[in-house]
Amino acid sequence: MINSHILARLLGQIFRALEQLEAKGEIPRGLKFTRVTVDPPRDLSHGELATNAAMVLAKEARLKPQELAHKIGQALTALPPESEDVTIQSWSVEGPGFLNFRLAPAVWQAELHRALALESRFGASEIGRGQRVNVEYVSANPTGPLHLAHARGAVVGDALAALLEFTGHKVCREYYINDAGAQVEVLARSLYHRYRQAAGEDIGEVPAGLYPGDYLRPIAADLYAKTGAAWQNRDEAEWLPFFMATAIAAMLNMIKTDLAQLGIKHDVFASEDQLVKAGAVARVLESLTQMGLIYQGHLEAPKAGKAAESHEDWEDRPQTLFRSTEFGDDSDRALLKSNGSYTYFANDIAYHLDKIDRGFTQLINIWGADHGGYVKRMAAAVKALSQGQVTLDVKLCQLVTLLDNGIPVKMSKRAGTFVTLAEVVEQVGAGVVRFIMLTRKNDMALEFDLAKVVEQSRDNPVFYVQYGHARAASVLRMAREGAGDGKPAYDLSPQTLLTTDLSGLTSEEELSLIRLLAFWPRLVEQASEAHEPHRIAFYLGEVAAAFHSLWTKGRENATIRFIQPEDQKGTSARLTLVAATKLTLSVGLRILGVEPIEEMR
RNA sequence: GUCUCUGUAGCUCAGUCGGAUAGAGCACAGGUUUCCUAAACCUGGGGCCACAGGUUCGAAUCCUGUCAGGGACACCA
């Protein structure tokens, strides 16, 4: 528990106090403390930290909440001290039974040393207990370059993976290649078309139903250079497998390149095609049959609305169905198509069983919102296959609309105004793309404005946070170098910072920043447990705001300026605070996959 | 019709597995630069947390229903 954060340590003390009360018979034995928490109150007048212990236990303890809170407070102060304890300066009982605390400033000050000692591990924890988590993200069909919508899932998945790793999970970053369906055949035909063009045939317009994008041209040209006319004028059955393999490989390369530009690298690329060919689908259907979860039955046609209209060709027929309704789905789901081949769902079941068999206890999939209707059946399948032992969390990412200074950028594949991810990254930078993608909850639609995301102002969150980091870096740089004209240079080596006397950091402005930094490890835990990396981005905005505020207040109140030549001891203490701020910002940015900026230009 | 997400200040959004008087930015009004980056900061007004019930010490948060908007809805991937 060496690295447990300040709230956890106080909570531990409260548990010990409660045990004391139990031992003395002041409260009944066997109460469950699981609902007891320690939180920072919204309003500082309610203390720096507060616990709900008395309120959640009052009923079972048969005491008035206020009375119980007093008992807990007294027991806390009477507790024999332990090394990780926080020193409670004062406590009070307020409102319906809150027990509010103020801690000794030294406790908060020491948090800075704790943070700096941990360096890039500040906020890291072992709450994941080495659990093996599979995060599947992007998984775009290998039929073309990535565009901006893919980037959102890519960034959310990648940041979540990093966050889980940071909190003690063993994470596998995975990409599922849908290389078994009709789409890749279309891709192969599209490539063949470009190949004939490269060979000098006049093939006119790209036929409808094929991918018209120019990105196939260089691949076709390359292919022609290598194989010459060998594939011309032959039956599709002859060239299709080769063109399919070639096209998929080329598309994957392109996708990997796009992802690499965003700093994303997957550990595993799982191929649907290989899974099918290896018989995994057949096997999983076999075992589901043995479990009695597959039957021949009929599905009802869609009743009304758009769905009914778009399925005029509905035919009632017996189908091979999976009993997903037994696991919370709304309908049983087909596993075989009318031509006898596997449905995408059947393949996906096999794929998820494969993940389970590889030993993951937690599966996380990042999907586009258009796959929302697919979540329940997949969750049902995972539940069935793992006997409820493996959880599946699907994060649906809503649409990203691309704007340029408030005006929607029209995208059309046909008109060639299709904006790829690579183009956006080139224009605004990987860090900006990553951060902006995390400035909204995944289930909220997001606007990505090419002009605004590079604007250098308060309403651009990336800039604001980066500026905070650069400002902190600037102060430290200046202090380290001294500024000529007799100003002292400061030793900012880690050893020195870790032993700095911080007792001068007592102003409310300074303490509020310190508190915010001290809550970072807890925020990381919460973001990790909720699978919500966007919380990191918002927290970093808060830290930046607190830091900018402190900075500017130094103009009016000279006693809190960071560097004061006539006060070297105080300056060292404040520089330690600046260093811890910079550290927190950089650790947070790195989890999001954003490189912190040392200097604004 | 079914499922699903969303509904919080004029606008864009946060809101801690239920906590005290609901927050931030933008916009609006006013202010801060002999001083570490004004690329920043400070002050102010502005809210039936869509609506109605329920659960309990306590609800923006959990449950049910209603309304409004987005998305999905046999075999496609």
Side-chain angles (χ1 to χ4, degrees), chain A residues 35 37 39-43 45-46 50 52 54-56 58-59 64-65 94-98 100 141 143 178 180-184 272 298-308 310-311 313-317 319 321 329-331 333-339 341 343-345 347-348 368-376 396 398-399 439-441 443-445 447 455-461 463-464 466-468 470-471 474-475 477-479 483 487 519 522-523 526-527 529-530 534-535 538 541-542 545 548-556 558 561-564 571 578 599-600:
Chain A
R35 290 172 61 216
T37 58
D39 299 282
R42 222 180 355 238
D43 190 339
S45 68
H46 293 128
N52 61 355
M55 290 178 294
V56 297
K59 198 175 221 175
K64 286 181 186 163
E94 284 166 59
F98 285 103
N100 298 334
N141 290 333
T143 54
N178 300 138
Q183 292 191 7
V184 286
E272 180 185 9
H298 292 255
L299 289 178
E300 287 179 28
K303 285 198 175 61
K306 281 185 205 162
S310 64
H311 295 293
D313 55 344
W314 167 273
E315 51 167 323
D316 192 15
R317 64 179 181 86
Q319 302 197 74
L321 301 173
D329 200 359
D330 314 300
S331 163
R333 305 293 176 176
L335 298 171
L336 296 179
K337 300 182 201 169
S338 49
N339 67 8
S341 62
T343 61
Y344 180 80
F345 180 49
N347 292 355
D348 222 358
D370 54 343
H371 288 66
Y374 201 76
V375 174
K376 278 191 177 181
L396 296 177
Q398 288 291 337
L399 287 176
T439 52
R440 206 115 302 175
K441 282 188 295 203
D443 45 17
M444 297 284 281
E447 288 185 349
E455 195 174 281
Q456 303 203 325
S457 72
R458 176 69 178 93
D459 56 342
N460 176 2
F463 162 76
Y464 190 70
Q466 287 285 25
Y467 183 35
R471 259 188 162 170
S474 154
V475 174
R477 198 163 45 234
M478 210 163 275
K487 288 183 183 166
F519 296 151
R522 176 179 184 258
L523 181 110
Q526 291 174 330
E529 281 167 1
H534 77 274
R535 293 194 195 188
F538 280 92
E542 277 182 56
H548 286 306
S549 173
L550 186 57
W551 172 293
T552 311
K553 276 177 184 158
R555 296 181 174 282
E556 292 158 16
R561 282 185 200 168
F562 298 130
I563 300 174
Q564 297 172 41
T571 299
V578 175
E599 194 173 4
M600 305 302 286

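Lettering of chains follows the sequences in order, A, B, ..., and the numbering in each one begins at 1. This is a predicted model, so every value here is computed, not measured. Side chains are part of it too, since the values below use all heavy atoms of this structure and drop only hydrogens, waters and symmetry mates.
Side chain A:Arg522 to base B:U16: a donor-acceptor pair is found below 3.5 Å.
The partner of B:C35, taking Watson-Crick or G-U wobble pairs whose two distances both stay under 3.5 Å, does not exist in any strand shown. Applying the Watson-Crick and G-U wobble criteria (two distances, each under 3.5 Å), B:A72 pairs with B:U2. Applying the Watson-Crick and G-U wobble criteria (two distances, each under 3.5 Å), B:A14 pairs with nothing in any strand. Under the Watson-Crick or G-U wobble criterion, with both distances below 3.5 Å, B:C28 is paired with B:G44.
Among B:A77, B:C36, B:G19, the nucleotide with an atom closest to any side-chain atom of A:Arg561 is B:C36. For A:Arg458, the listed nucleotide lying nearest its side chain is B:A24; candidates were B:C42, B:U6, B:A24. Comparing B:C41, B:G70, B:C57 by their nearest atom to the side chain of A:Thr552 picks out B:C41. Candidate nucleotides B:C75, B:U16, B:U37 were compared by shortest atom distance to the side chain of A:Glu599, and B:U37 ranks first.
Using a 4.0 Å heavy-atom distance criterion, A:His548 is classed as a sugar-phosphate-only contact. Counting any heavy atom pair closer than 4.0 Å across all strands shown, A:Glu315 reaches a base atom. Counting any heavy atom pair closer than 4.0 Å across all strands shown, A:His534 reaches sugar-phosphate atoms only and no base atom.
Distance check: A:His548 NE2 to A:Tyr467 OH gives 6.5 Å after rounding to the nearest 0.5 Å.
OP1 or OP2 of B:C41 sits under 4.0 Å from a side-chain N or O of A:Tyr464. Within the 4.0 Å cut-off from OP1 or OP2 of B:U37, at least one side-chain nitrogen or oxygen of A:Ser474 is found. The side chain of A:Lys376 contributes an N or O atom lying less than 4.0 Å from OP1 or OP2 of B:U4.
Look at CG on A:Asp370: it is 8 Å from C1' on B:A72, rounded to the nearest Å. With rounding to whole Å, A:Asp443 atom CG is found 15 Å from B:G69 atom C1'. In this structure, the NZ atom of A:Lys441 is 11 Å from the C1' atom of B:A60, given to the nearest Å. A straight line from CG of A:Asn347 to P of B:C76 spans 9 Å, rounded to a whole angstrom.
Stacking annotation: A:Phe98 is stacked on the base of B:A20 (ring centroids less than 5.5 angstrom apart, interplanar angle below 30 degrees).
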